[in-house]
> 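Shown below is the structure under consideration.
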Amino acid sequence: MGREELKTQMSIRYISLLLIFLSVESKATELSLNEAIKTALEGNKDLVGAGYCLEIASWTYKASSLLEFKPKASLETEAIHSEKKEQEVKESSTKYPSSANFEQKYPLFLGGQIKLISGIELCQEKGEWTVNPKVGFEWNQPISKSGIRAGNSSLISRGLDWQIADLGYEESVEKIIYDVTLAYYNLLKATKSRALAKSQIELTRHLLKVSQARLNVGQIPELDLMRVKLRLGQDEVRLIEAEKNEREAKRTLSNLLGLAQTEELRVSDNDPNLPKETPLLNTALKKALVFRLDLLKQELNIRLKEIELDKARSQDNPSLVVDGTYQLKGKDKELQGVIDEFPDKEWEAGLKIAFSLSDGGIKRANLQKAILELEKERLAYEELKRDIRDEIATIFDDLSSHQKALKVQEMSLDIARKSYQVTQLKYENGLVSSSDVLEAQLSFFDAENSLTEAKISQIIDYSRLIKASGKLKGN
């Protein structure tokens, strides 16, 4: 069997293998990374749960606002019967006093609050109506610095909780994107490894046939044929392992996408595109300190603890209360409602300052607790910033190593390819043994597999870097 005939036969086998591979793989829909991420974000249970938390925080904030500043209206009515006896004269009467009141509280600047009050008192006694309309206000203003900061703290705290829940939702989105990205490229790596293992088996089988033919004409010893058979068994084991790894990678990605395990799943087998430029370390650190969601959440947690500390400091601190009312009194049988019908008009205003002399040490205990909790959150914030710096520095180190390894792998693949081609020609001319061909073939496929892994590792490093910088969503 001549060299040209061997090349022709090998070309036919490559074409046949390619047609079979394409006919099988085309049954599955090819999925891009963006499509995979979009599918994963639709109906993801973790994301739905985070959405519920966000909705709960929203309604809690609204409920807190209504609870603190909701309008209050009341209506009271009663019947009172009385009897009295003076100088042997007995008198009795029945009256029906009623009142309707309305009040509304509003937040003011510097932690103050104002409450507006209006109402009317009606009473029927002995056929006559007594009508007393009134209006008033009450302004409560903290005097201390901590009291001013802690003013309306309940509403502010619920607003911060809402922001934290919103950041938690965004964190869930980023986690899904990152997990899908890793699973996608792990599947791509497993798919390429399985394809390489299949190609390696085909080449080994072809070498086995060539070796059998050369053995039949006495060109090689039987030991060479046994080496090829042994390598074929090893290649089949490698293919079984590669197919197992691919199934596991498919299962992981299918779970993230919410797809049934029976559905065909195929990722694009094109070579992954590597980013052209690597960002600077300082730039990545600056972005992280601005955009990292966990850092933003921790800043909000610190703000919550600062509010709790201000509340503890302002407990029983002096506060200024200014109030006033204006009331009309009189009797009007026909309830005409004209101010001149009321003979009596009165108003009053008050100013008071209230503070506590002693609370048995409760304020001191609450204050110490609030100080310690705030220091704990601040310490956690500094530790988080340090962890972020270490994380980004580690990613840059990995990225640099993988970039160097990629260049080495590209050169190694080129050398291994040429070595395999030369060794194959030498074997066809009886200059080397089958073990030399098998060794060159194994080196060639290992180099090709290592190059694919190096490319994917570099892309994963870029994904880690974008995530660590807080800009994964949208990239």
Side-chain angles (χ1 to χ4, degrees), residues 21 24-51 168-200 236-275 293-294 391 394-395 398-399 402 405-406 445-446 448-468 471-475:
F21 180 76
V24 173
E25 296 291 342
S26 61
K27 295 179 181 178
T29 302
E30 187 176 288
L31 194 66
S32 68
L33 177 58
N34 287 337
E35 291 170 341
I37 291 173
K38 182 179 179 181
T39 302
L41 292 176
E42 294 174 352
N44 182 276
K45 292 182 179 179
D46 293 337
L47 195 60
V48 172
Y169 182 84
E170 294 298 323
E171 276 188 320
S172 297
V173 173
E174 284 206 346
K175 184 178 184 303
I176 293 171
I177 294 174
Y178 183 67
D179 290 345
V180 170
T181 301
L182 292 185
Y184 184 91
Y185 282 112
N186 283 332
L187 177 55
L188 176 59
K189 181 169 64 175
T191 300
K192 285 184 170 290
S193 296
R194 186 259 306 158
L196 285 173
K198 288 179 68 175
S199 299
Q200 187 169 356
E236 289 175 345
V237 171
R238 177 180 290 193
L239 176 60
I240 292 173
E241 186 69 22
E243 289 175 340
K244 175 189 174 185
N245 292 337
E246 185 182 26
R247 287 195 300 271
E248 290 178 352
K250 281 185 178 181
R251 187 158 50 247
T252 301
L253 184 56
S254 295
N255 289 336
L256 289 172
L257 302 185
L259 302 177
Q261 298 296 330
T262 55
E263 293 187 44
E264 288 290 339
L265 184 63
R266 177 189 169 199
V267 298
S268 174
D269 58 357
N270 296 326
D271 285 335
N273 294 321
L274 297 176
L293 298 178
D294 49 356
E391 179 185 0
T394 301
I395 293 173
D398 293 343
L399 189 57
H402 287 146
L406 181 61
F445 280 105
D446 284 344
E448 192 169 1
N449 199 43
S450 297
L451 179 61
T452 300
E453 290 184 356
K455 288 182 178 180
I456 292 178
S457 296
Q458 192 169 342
I459 287 182
I460 291 176
D461 287 340
Y462 275 106
S463 300
R464 290 168 56 202
L465 179 60
I466 295 173
K467 180 178 182 293
K471 298 292 288 181
L472 182 62
K473 187 177 179 183
N475 283 275

> Check side chain to side chain contact (heavy atoms under 4.5 Å, CB included) between Glu453 and all other residues, then give those that pass, not counting sequence neighbours.
Lys189, Asn449

> To the nearest 0.5 Å, tell me how far Lys455 NZ sits from Lys192 NZ.
7.5 Å

> Using 0.5 Å steps for rounding, measure from the OG atom of Ser32 to the NZ atom of Lys38.
10.0 Å

> Among residues at least two apart in sequence or on other chains, which ones pass side chain to side chain contact (heavy atoms under 4.5 Å, CB included) with Leu256?
Asp179, Val180, Ala183

> Would a 4.5 Å heavy-atom cut-off, applied to side chains only, mark Glu248 and Arg251 as touching?
yes

> Of all residues at least two apart in sequence or in a different chain, which pass the side chain to side chain donor-acceptor pair (under 3.5 Å) check with Asp461?
His402, Arg464

> With sequence neighbours left out, what residues match Ala242 under side chain to side chain contact (heavy atoms under 4.5 Å, CB included)?
Arg194, Ala197

> Distance from Leu406 atom CG to Gln458 atom CD, nearest 0.5 Å?
5.5 Å

> If the condition is salt bridge (Lys or Arg N to Asp or Glu O under 4.0 Å), which residues does Glu391 pass it with, not counting sequence neighbours?
Arg292

> Among all residues two or more places apart in sequence or in another chain, which pass the salt bridge (Lys or Arg N to Asp or Glu O under 4.0 Å) test with Arg238?
Asp446

> How many angstroms lie between CG in Leu188 and OH in Tyr184, if you round to the nearest 0.5 Å?
6.5 Å

> How about Tyr169 and Leu47: do any of their side-chain heavy atoms sit closer than 4.5 Å?
yes

> Ignoring hydrogens, what is the shortest heavy-atom contact between Glu246 and Leu187? Give both atom names and the distance.
O-CD1, 3.8 Å

> Run the side chain to side chain donor-acceptor pair (under 3.5 Å) test against Asn186 and tell me which residues pass, sequence neighbours left out.
none

> How about Tyr185 and Leu33: do any of their side-chain heavy atoms sit closer than 4.5 Å?
yes

> Once rounded to the nearest 0.5 Å, what's the spacing between atom CD1 of Ile459 and atom CG of Leu399?
11.5 Å

> Sequence neighbours left out, what passes side chain to side chain contact (heavy atoms under 4.5 Å, CB included) with Ile240? Give chain and number order.
none

> State which residues pass side chain to side chain donor-acceptor pair (under 3.5 Å) with Glu241; sequence neighbours excluded, sorted by chain then number.
none

> Glu171: what forms a salt bridge (Lys or Arg N to Asp or Glu O under 4.0 Å) with it, not counting sequence neighbours?
Lys297

> Among residues at least two apart in sequence or on other chains, which ones pass salt bridge (Lys or Arg N to Asp or Glu O under 4.0 Å) with Glu236?
Arg205

> Looking at CD1 of Ile456 and CG of Leu451, how far apart are the two atoms once the value is rounded to the nearest 0.5 Å?
10.0 Å

